[in-house]
Amino acid sequence: MNREETMTWEETAPEREFREEVRAFVRDRFPACYRPDPEAEHSLEPEDVWGYDWPADRRSADPERRAGARAWAAALAERGWIAPHLPVAYGGAGMSPVQEFILREEMMRAGVPTVNGIGAMLLGPTLVEYGNDEQRAAHLPGIARGETVWAQGFSEPDAGSDLASLRTTAVREPTDATESADAAGTGVYRVNGQKVWTSSAQHADWLFVLVRTDPQAPKHKGISFLLIDATSPGITIRPLRDMRGAEPFAEIHFDDVRVPVANRVGEENRGWYVAMAALGFERAGIGATIKFERVLERLIACLRSAPGQDFRRADTAVLRHEIAQRHIELRIQYAMARLTASRQAAGAVPGYEASVGQLLGAELHQRLARTGAKAFGPYAQLWQRDGAPMDAAFAHMRFDAVAATLLGGTTEIQRSVIATRGLGLPRS
């Protein structure tokens, strides 16, 4: 067993110095005008910070909020810290996975938002791995500067957990009568279909989308991965309001949308493998762990405070045990996130370890929501933030957590990945 797998990592002197550098940068450069909005509902992405929604904030009708979001993006872009793992040539910082882990951790602990999360954390490394030189040059600098926001168009009304059942089609046509449809890199696709549950699609400039390019092929082998301009004629994006009253998701309709073949990432009909790599990057983050640590710290502080004692339930013995258990689970989740970063540093692509982290985080989200609600008894039903304990954080978190075991792959999908890729068990 190697050093990473024993999970006994100790930071080097340069890593400790970098952690201090990040803390100083956040303290000195985060715009004072970019304050959390107490009325804002955060989306369900694990890297989000309560009170911030950077894709929406950069286009906010409030000039101060808009200016703050853009100033923060500009400050991070100066260092290459929006997409720190990207090569310097594309606007990144060329960071190691462990350095990026430290950067993300410290930003989350400071309560400041990440910028361009879906583009930087999912599409960026996917283009580095599977894109061609033209695609990387066209799209990576805009991601790294925070100028181009992306959304992920995978799920459909009848293709969620069973994503390979997707029906959105892309039919390839030559651009004119002199070109053959099978000429490499020429022609266009006509895309038709619907995507749903697409995070922040209403704020996106571009979409990366899974489409079916060969309806006769086995379902995993007839799929391609396309980059689509969200302003293309034929695209309609409608926000979806959830049970909390927030709009973190949208549905997207494609009606004869023309997409250049040059915008396909990887080979035609082999987009499934590109998508699985992107989802591996999605599941590998530290954000959820720190997000939950911060809310648990707030819960403990509230329960110890004089106002909190007016709300908390009288019998605390079981509650103390549950809070201790949540602490243990959070340390396990942190260790898994750290293991994933260490394996990436050793050259591995996130695999079943990322699914373990996703599964732990999703189920912990739900348990933590129940623990917080239990702490306040009937007061946990208060929905309005004014006058409720912890500004009704756990009332909202209970609703938020309902979807946790569906996002980024259901618990059944994650367990299947762990069983087959991690434990070597046969597929059922």
Side-chain angles (χ1 to χ4, degrees), residues 1-9 45-47 97-98 100-101 104-105 121-122 125-126 129-130 152 154-155 159-166 210 218-221 223 225 266 270-293 325-368 370 401-428:
M1 182 175 289
N2 63 35
R3 184 169 179 260
E4 287 77 14
E5 289 173 335
T6 62
M7 292 185 281
T8 57
W9 310 283
E45 299 299 326
E47 301 287 347
V98 173
E100 184 181 6
F101 180 94
R104 300 295 183 202
E105 178 182 355
M121 297 176 201
L122 273 69
T126 303
E129 186 76 19
Y130 290 96
Q152 170 190 308
F154 285 8
S155 296
S161 296
D162 186 14
L163 182 58
S165 297
L166 63 89
L210 286 184
K219 64 180 185 178
H220 289 87
K221 298 188 178 180
I223 293 170
F225 189 108
R270 292 185 61 81
W272 179 258
Y273 307 101
V274 181
M276 292 304 100
L279 290 175
F281 293 118
E282 178 184 35
R283 296 168 184 157
I286 181 62
T289 306
I290 308 305
K291 187 177 183 178
F292 299 155
E293 281 185 2
Q325 188 63 32
R326 301 296 86 83
H327 260 299
I328 294 168
E329 291 162 350
L330 278 166
R331 297 320 299 162
I332 294 170
Q333 189 182 16
Y334 182 92
M336 282 305 308
R338 186 65 172 79
L339 173 62
T340 301
S342 296
R343 290 183 65 80
Q344 285 179 288
V349 174
Y352 74 92
E353 304 93 345
S355 285
V356 173
Q358 172 78 6
L359 179 62
L360 281 171
E363 295 188 342
L364 176 55
H365 189 176
Q366 295 177 340
R367 289 193 295 272
L368 182 56
R370 289 195 294 269
V402 170
T405 49
L406 302 175
L407 298 171
T410 65
T411 53
E412 291 81 6
I413 293 295
Q414 306 299 355
R415 285 186 165 89
S416 177
V417 170
I418 295 164
T420 55
R421 299 183 194 174
L423 302 177
L425 298 177
R427 294 182 182 275
S428 58

Enter the distance from [X]:[atom1] to [Y]:[atom2] here, rounded to the nearest 0.5 Å.
{"X": "Glu100", "Y": "Glu105", "atom1": "CD", "atom2": "CD", "answer": "12.5 Å"}
{"X": "Gln333", "Y": "Ile286", "atom1": "CD", "atom2": "CD1", "answer": "7.5 Å"}
{"X": "Leu210", "Y": "Trp272", "atom1": "CG", "atom2": "CH2", "answer": "7.5 Å"}
{"X": "Leu330", "Y": "Leu368", "atom1": "CG", "atom2": "CG", "answer": "7.0 Å"}
{"X": "Thr340", "Y": "Gln358", "atom1": "OG1", "atom2": "CD", "answer": "11.0 Å"}
{"X": "Arg370", "Y": "His365", "atom1": "CZ", "atom2": "NE2", "answer": "11.0 Å"}

Presence of salt bridge, Arg331 and Glu293, under 4.0 angstrom: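 Yes, Glu293 and Arg331 are salt-bridged.
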Pair Arg415 + Glu412: basic N to acidic O under 4.0 Å: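 No salt bridge links Arg415 with Glu412.
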Tyr334-Phe101 aromatic ring centre distance below 6.0 Å: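 For Tyr334 and Phe101, the ring centres are under 6.0 Å apart.
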Stepwise side chain to side chain contact (heavy atoms under 4.5 Å, CB included) check, Arg367 with Gln325: CA-CA 10 Å; Arg367 289 193 295 272; Gln325 188 63 32; over 6 Å; no
Please report the shortest heavy-atom distance between [X] and [Y], naming the atom on each side.
{"X": "Thr405", "Y": "Val402", "result": "OG1-O, 4.1 Å"}
{"X": "Val417", "Y": "Ser355", "result": "CG1-OG, 3.3 Å"}
{"X": "Ala345", "Y": "Val98", "result": "CB-CG2, 4.2 Å"}
{"X": "Ala341", "Y": "Pro97", "result": "O-CB, 3.5 Å"}
{"X": "Ala164", "Y": "Lys219", "result": "O-CB, 3.4 Å"}
{"X": "Ala362", "Y": "Ala404", "result": "CB-O, 3.2 Å"}

Ile418 and its side-chain contact (heavy atoms from CB on, under 4.5 Å) partner, picked from Ile413, Leu359, Leu425: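 Result for side-chain contact (heavy atoms from CB on, under 4.5 Å) with Ile418: Leu359.
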Residues Phe292, Glu329; criterion side chain to side chain contact (heavy atoms under 4.5 Å, CB included); working and verdict: CA-CA 10 Å; Phe292 299 155; Glu329 291 162 350; over 6 Å; no
